[in-house]
Amino acid sequence: MNILFLGTSGVHQALIAANIYLKKPVTDFNSIPDFANVVVELSGFPIYVGEDKQGNQVYSLGAGDVEMAKKSIEDLRNVLGRSANDLVVKSVSIKGEKLMALLNHIPASLGGRLWHRLIPALILKSQLKVIYRNIEQ
């Protein structure tokens with residue numbers, strides 16, 4: 001089975017949620033591979049995060065409208081004759097997610113790399129309990 005954590009940003013809250021699910025440490029966000037990596041985010045491809053103990057492959061993906069993207073992915077899964085046992089899509093929503101998505105558009109030449117990491121890290125630290133609750137559901 002594949003598990004896809006879906007957020008407005010695949011390199012912020014969805015990536016943190018995937019790492020929490022895999023029981024990887026998330027205390028230092030900057031040590032998490034691809035955290036705040038806007039180049040990876042702009043590729044539009046799911047980010048492979050790892051495999052859980054049951055052999056499920058875990059991914060994160062960013063989407064503008066998370067609920068619409070979730071429904072589209074699930075509908076496509078069904079059209080292709082797959083079931084929820086083949087692909088689970090879990091949306092991760094937190095306060096401040098729209099601001100983080102907006103920050104991804106600041107060019108590196110204007111200090112974007114700093115803002116892509118600094119502000120999201122502050123928001124995510126304040127929203128970690130919410131992310132944990134999202135995963136438990």
Side-chain angles (χ1 to χ4, degrees):
M1 170 174 35
N2 293 311
I3 302 170
L4 178 66
F5 286 92
L6 186 65
T8 54
S9 170
V11 295
H12 291 112
Q13 73 270 26
L15 183 64
I16 297 300
N19 277 274
I20 290 171
Y21 172 79
L22 291 171
K23 304 199 182 331
K24 293 182 178 181
V26 294
T27 52
D28 177 16
F29 298 141
N30 291 315
S31 69
I32 296 171
D34 293 321
F35 176 75
N37 186 335
V38 178
V39 174
V40 171
E41 175 77 4
L42 293 175
S43 76
F45 290 101
I47 301 165
Y48 178 73
V49 182
E51 192 172 292
D52 68 12
K53 291 179 182 177
Q54 293 79 30
N56 301 315
Q57 294 185 340
V58 179
Y59 298 85
S60 71
L61 179 66
D65 184 334
V66 174
E67 289 310 311
M68 182 166 53
K70 181 178 190 243
K71 180 161 179 20
S72 296
I73 292 168
E74 289 172 341
D75 287 347
L76 179 60
R77 176 192 67 204
N78 295 336
V79 166
L80 296 173
R82 304 293 183 192
S83 73
N85 291 331
D86 297 317
L87 174 64
V88 173
V89 181
K90 178 66 183 143
S91 59
V92 182
S93 185
I94 61 169
K95 290 180 183 176
E97 64 189 19
K98 292 186 193 251
L99 174 60
M100 290 191 304
L102 184 64
L103 291 171
N104 283 346
H105 297 288
I106 298 174
S109 61
L110 296 177
R113 289 190 185 135
L114 174 66
W115 297 112
H116 300 159
R117 289 183 179 277
L118 183 63
I119 302 296
L122 292 172
I123 293 170
L124 288 164
K125 283 183 187 198
S126 73
Q127 294 293 302
L128 266 178
K129 288 181 183 178
V130 173
I131 296 171
Y132 274 97
R133 277 195 305 266
N134 273 275
I135 295 167
E136 291 172 358
Q137 293 175 347

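Throughout, residue positions are numbered sequentially from 1 according to the sequence presented.
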(request) Kindly indicate whether the side chain of Lys70, heavy atoms from C-beta on, has any atom under 4.5 Å from the side chain of Ile73. (result) no
(message) Are the side chains of Ile16 and Phe5 in contact, using a 4.5 Å heavy-atom criterion?
(response) no
(request) Count the heavy atoms of every other residue, nucleotide or ligand shown that sit under 6.0 Å from OH of Tyr48, and state whether that count exceeds 12. (result) yes
(request) Establish whether Val66 and Leu76 are linked, either directly or via other cluster members, by ILVMFWY side-chain heavy-atom contacts under 4.5 Å. (result) no
(request) Enter the distance from Ile47:CD1 to Asp34:CG here, rounded to the nearest 0.5 Å. (result) 5.5 Å
(message) Quick check for you: to the nearest 0.5 Å, what is the distance between Ile123 atom CD1 and Leu118 atom CG?
(response) 10.0 Å
(request) Please name the pair of heavy atoms, one in Ile135 and one in Ala17, separated by the smallest distance, quoted to 0.1 Å. (result) CD1-O, 3.2 Å
(request) Please round to the nearest 0.5 Å and tell me the distance separating atom CG of Leu87 and atom CE of Met1. (result) 9.5 Å
(request) Kindly give the heavy-atom pair with the smallest separation between Leu4 and Pro46, and that separation in Å. (result) CD1-CB, 4.3 Å
(request) May I ask you to test the Val11-Val38 pair for a side-chain heavy-atom distance under 4.5 Å? (result) no
(message) Please give me the minimum heavy-atom distance between Gly7 and Ala14, naming the atom from each residue.
(response) N-CB, 3.7 Å
(request) Write down the atom of Ala36, the atom of Arg117, and the distance for their closest heavy-atom approach. (result) CB-CG, 3.5 Å
(message) As an exercise, state the distance from CG of Leu6 to OG of Ser93, rounded to the nearest 0.5 Å.
(response) 10.5 Å
(message) Closer than 3.5 angstrom, by distance alone: can the side chain of Ser9 be matched with the main-chain N or O of Gly62 as a donor-acceptor pair?
(response) no
(request) Taking the side chain as every heavy atom from C-beta outward, state whether Val89 and Leu61 have any atom pair closer than 4.5 Å. (result) no
(request) Dump the intermediate steps for side-chain contact (heavy atoms from CB on, under 4.5 Å) on Leu124 and Met100, then the final yes or no. (result) CA-CA 10 Å; Leu124 288 164; Met100 290 191 304; 4.2 Å; yes
(request) Following the transitive rule for hydrophobic clusters with a side-chain heavy-atom cut-off under 4.5 Å over Ile, Leu, Val, Met, Phe, Trp and Tyr, establish whether Val92 and Tyr132 coincide in one cluster. (result) yes
(request) Check Gly50 against Lys24 and note the closest heavy-atom contact, atom names and distance. (result) CA-NZ, 4.5 Å
(message) Test your reading of the model: is there a side-chain donor-acceptor pair from Glu41 to the backbone of Gly10, 3.5 Å cut-off?
(response) yes
(request) Identify the two heavy atoms, one from Ile94 and one from Gln127, that lie closest to each other, and give their separation to 0.1 Å. (result) CB-OE1, 3.8 Å
(message) Do Phe35 and Val26 have side chains that approach each other closer than 4.5 Å (heavy atoms only, starting at C-beta)?
(response) no
(request) For side-chain contact (heavy atoms from CB on, under 4.5 Å), just list the numbers for Asp52 and Ile3, CA-CA rounded to whole Å, side-chain angles, deciding distance to a tenth of an Å, and then say yes or no. (result) CA-CA 10 Å; Asp52 68 12; Ile3 302 170; 4.0 Å; yes
(message) Using 0.5 Å steps for rounding, measure from the NZ atom of Lys90 to the CG atom of Asn134.
(response) 5.0 Å
(request) Answer with yes or no whether the side chains of Gln13 and Thr8 bring together a donor and an acceptor at under 3.5 Å. (result) yes
(request) Could you grab the distance from atom CD1 of Ile32 to atom NE2 of His12, nearest 0.5 Å is fine? (result) 10.5 Å
